[in-house]
Amino acid sequence: MPPSGVPRVALSRLPGERVRVVGADGERELPASELAAHVAEIEQDGARWVWDDTARWYPPLLEAGVRVARCHDLRLSRRILTRAPAVDRDLLEGDDADLWDRLGPAVAALPTLFPVDDRIEHLDAGVEDRRQLAAVAASSEAGRLRLLLAAESAGALAAAEMTHAGIPWSREVHERILDEQLGPRPPRGARPAELEALANELRELLRTPGLNPDSRPELLAALQRSGLTLTDVRASTLRRQTHPCIEPLLRYKRLSHLFSNNGWEWIDQWVRGDRLHPAYQPAGSSTGRWSSNGGGALSIPMQVRPAAVADEGWCLVVADVAQLEPRVLAGMSNDHALAGAARGADLYQAIVDDGAVASRAEAKVGMLGALYGATTGDSGRMLPALMRRYPRAMGLVEDAARAGERAQVVRTQLGRGSTIGGADDWGHTDEGAPADPDAQASRRRSWGRFTRNFVVQGTGAEWALCWIAELRNSLWRLGGQGALTARPHLVFFLHDEVVVHAPSELADKVTACLTEAAASAASLVFPDVSIDFPLNVTVVRSYAEAGK
DNA sequence: CACTTTTGCGCC
DNA sequence: AGGGCGCAAAAGTG
């Protein structure tokens with residue numbers, strides 16, 4: 001991702017559905033509807049498109065059959081730069097700076113509901129672009145920040161492309177699953193037959209006629225009347241109990257969740273034709289991970305994955321990174337012992353072979369506990385051993401936790417800064433009264449757990465961004481002709497996992513792209529240390545066959 | 001009544 | 001006294 005030497009073309013919206021295009025060769029204005037027709041000619045010199053929000057500009061271009069090679073997303077980049085410890089915030093001040101700060105994400109699933117502030121609607125992209133370039137150039141970490149902004153922007157392109165393309169989805173398979181488990185589709189507002197039958201069974205077993213199992217207080221009271229000692233009705237709590245009602249109740253909960261979250265209405269809303277179109281929000285979470293604002297891309301349950309089926313003659317290539325976060329920790333802490341363990345397919349087994357702990361299960365729970373800040377239980381017990389063997393890695397997350405407890409900002413490998421966690425409020429309750437020392441200390445520790453995890457989760461997100469940025473380019477180069485969806489293309493991304501939809505005969509080449517992109521990501525994010533990021537890759541017809 | 005918060009579950 | 005999310009329904013609030 002060469003950061004410089006690429007011509008930049010700034011796009012701004014003008015009143016009257018027109019756009020201004022400012023490039024090295026001058027400036028022109030045209031109707032917004034004609035932009036797609038001019039993209040190829042403007043992009044001939046390999047320009048980078050500079051615009052306020054990829055989610056706003058790119059979907060109509062994709063609809064018009066245009067793929068954009070590279071962009072700079074000013075909104076996402078500004079969010080990074082304003083929070084980056086290595087950036088002088090003053091350099092981001094100036095005309096309309098406050099408006100740029102207020103610029104919210106376009107919600108892909110909805111058109112703009114209310115008239116936005118006219119000044120926000122017609123911000124000048126060129127002005128903000130020059131500010132950001134200057135702020136990066138003046139930073140002591142210009143190189144890493146350029147990489148981060150390029151990867152973030154490429155991710156925004158990939159997100160729009162995935163929503164546009166959609167996951168190949170068989171309505172027929174999905175509805176068969178629903179029918180088998182729930183019965184026929186009920187009228188709106190009614191329970192499916194299977195849920196109603198289970199509800200009746202529970203009413204009998206708990207001797208509570210009229211019980212509504214969806215009401216937690218009702219359910220809890222009925223369970224307590226039946227002699228069970230519990231204070232909540234979570235599945236994990238129920239599983240510890242012995243009573244004839246437990247099995248049907250757990251089944252009720254599972255099916256009820258399927259019905260309401262991924263049932264017929266979900267299909268109607270998010271499946272168009274034979275594609276599922278969830279909406280992604282790049283950097284939607286504070287650590288830089290993506291979130292989803294429509295379609296539930298973060299939790300497509302195993303139960304319905306059989307419905308994700310490749311087109312005839314095509315396949316799904318599913319890949320996930322094995323133990324991304326511990327590997328990232330090895331890289332950023334430069335812990336040679338942990339880096340050694342990370343050099344191979346099974347990091348947890350390597351920790352055992354290292355003599356740090358006795359079993360793979362202990363290695364896993366101990367390492368995850370270290371990343372999340374567990375202090376007690378099985379994982380907390382492993383910490384001293386891990387600390388002895390991997391002092392630099394464990395020291396890094398410990399330092400991050402201590403910094404958070406002192407209300408200091410921490411940063412990822414590429415320079416994304418954590419937000420300040422309302423430290424002003426630590427001394428007070430939510431109602432504004434002075435908090436007691438215990439509550440205060442609890443909030444400090446809580447924020448420490450956040451910053452501890454932030455550095456690792458955030459750097460993991462950066463590695464993954466570089467991975468998909470490289471991947472979308474190499475898949476495009478892999479060839480084929482015509483539109484994006486006529487070639488091998490990304491259809492799904494979730495934290496450390498991707499799905500590519502590709503003609504079956506290209507499966508091997510796609511697999512190679514995935515592996516090479518992972519190697520590129522590793523050397524981009526960790527240029528000075530060699531860490532392996534092994535992938536589990538499977539080539540399948542249906543997503544459900546790719547067991548994790 | 002509309003609105004916000006809480007609960008509990010899904011995913012990593 | 002273990003991190004990050006979204007979602008739907010129930011429960012709580014004005």
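To find a chain, count down the sequence lines: A is the first, B the second, and so on, and within it residues start at 1.
- Taking the side chain of A/Met302 as heavy atoms from C-beta on, and the options B/dC11, C/dC5, C/dA9, the nearest nucleotide is B/dC11.
- Put simply, the side chain of A/Ser292 gets close to the backbone of A/Ala279: a donor and an acceptor are under 3.5 Å apart.
- Across the protein-nucleic acid pair, A/Gln457 atom CD and C/dG4 atom P stand 7 Å apart, rounded to whole Å.
- In the set C/dA10, C/dC5, C/dG4, the nucleotide with an atom closest to the side chain of A/Leu298 is C/dC5.
- A donor-acceptor pair under 3.5 Å is formed between the side chain of A/Asp232 and the backbone N or O of A/Arg234.
- Here the C1' atom of nucleotide C/dA8 and the CZ atom of A/Arg188 are 13 Å apart, to the nearest Å.
- Residue contacts shown for A/Val233 are limited to sugar-phosphate atoms, with no base heavy atom under 4.0 Å away.
- Between C/dG6 and A/Ser291, a contact under 4.0 Å exists linking OP1 or OP2 to a side-chain N or O.
- Within 4.0 Å of A/Leu371, counting heavy atoms only, lies no atom of the nucleic acid at all.
- Using a distance-only test at 3.5 Å, with no hydrogens or angles considered, a donor-acceptor pair links the side chain of A/Ser418 to the main chain of A/Val410.
- Ring geometry for A/His489 against A/His501 counts as perpendicular: the plane angle is over 60°, on a 0 to 90° scale with 30° as the lower cut.
- Note on A/Ser446: nothing from the nucleic acid sits closer than 4.0 angstrom, heavy atoms only.
- Out of C/dG6, C/dG3, C/dA10, the shortest distance to the side chain of A/Asn453 is found at C/dG3.
- Contact annotation for A/Gly460: no contact, since no heavy-atom pair falls under 4.0 Å across all strands.
- By the 30° and 60° cut-offs, the orientation of the rings of A/His174 relative to A/Trp266 is tilted.
- Of the side-chain N and O atoms in A/Thr375, one or more sit less than 4.0 angstrom from OP1 or OP2 of C/dG2.
- In this structure, A/Gln281 atom CD and C/dG6 atom P are separated by 8 Å, rounded to whole Å.
- Atom CD1 in A/Ile300 sits roughly 15 Å away from atom P in C/dG6 (whole-Å rounding).
- Counting only distance, with no hydrogens or angles, the side chain of A/Ser285 and the backbone of A/Trp290 share no donor-acceptor pair below 3.5 Å.
- Comparing atom distances between the A/Glu497 side chain and each of C/dA10, C/dA8, B/dC12 picks out B/dC12 as nearest.
- Closest to the side chain of A/Ser286, out of C/dG3, C/dG4, C/dA9, is C/dG4.
- Between A/Asp73 and A/Tyr58 there is no side-chain heavy-atom pair separated by less than 4.5 Å.
- Rounded to whole Å, atom C1' of B/dG8 lies 9 Å from atom CG of A/Asp232.
- Within the nucleic acid shown, A/Ala235 comes within 4.0 Å of sugar-phosphate atoms alone, with no base atom in reach, counting heavy atoms only.
- Rounded to an integer number of Å, the gap from A/Tyr543 OH to B/dC12 P is 7 Å.
- For A/Thr287, the side-chain atoms get nearest to C/dG4 when compared with the rest of C/dG4, C/dA11, C/dG6.
- At a cut-off of 3.5 angstrom, counting only N and O atoms as typed in the model, there is no donor on one side facing an acceptor on the other between the side-chain of A/Arg254 and the base of B/dC9.
- Heavy-atom distances to DNA chain C give each of A/Phe450 and A/Arg445 a nearest nucleotide, and the one nearer the 5′ end belongs to A/Arg445.
- The distance between atom CZ of A/Arg191 and atom C1' of C/dA8, rounded to the nearest whole Å, is 14 Å.
- In this structure, A/Lys253 reaches the B/dC9 phosphate: one of its side-chain N or O atoms is under 4.0 Å from OP1 or OP2.
- The shortest distance between the side-chain N/O atoms of A/Arg449 and the OP1/OP2 oxygens of C/dG3 is below 4.0 Å.
- Where stacking is scored as ring centres under 5.5 Å apart with planes under 30°, A/Tyr372 registers as stacked on the base of C/dG3.
- Counting non-hydrogen atoms under 4.0 angstrom, A/Arg234 reaches the backbone sugars and phosphates but no base.
- In terms of phosphate contacts, A/Ser299 brings no side-chain nitrogen or oxygen within less than 4.0 Å of OP1 or OP2 of B/dC9.
- When the nucleotides C/dA11, C/dA8, B/dC11 are ranked by their closest atom to the side chain of A/Arg305, B/dC11 comes out on top.
- Taking atom CD of residue A/Glu325 and atom C1' of nucleotide C/dG4, one finds them 9 Å apart after rounding to whole Å.
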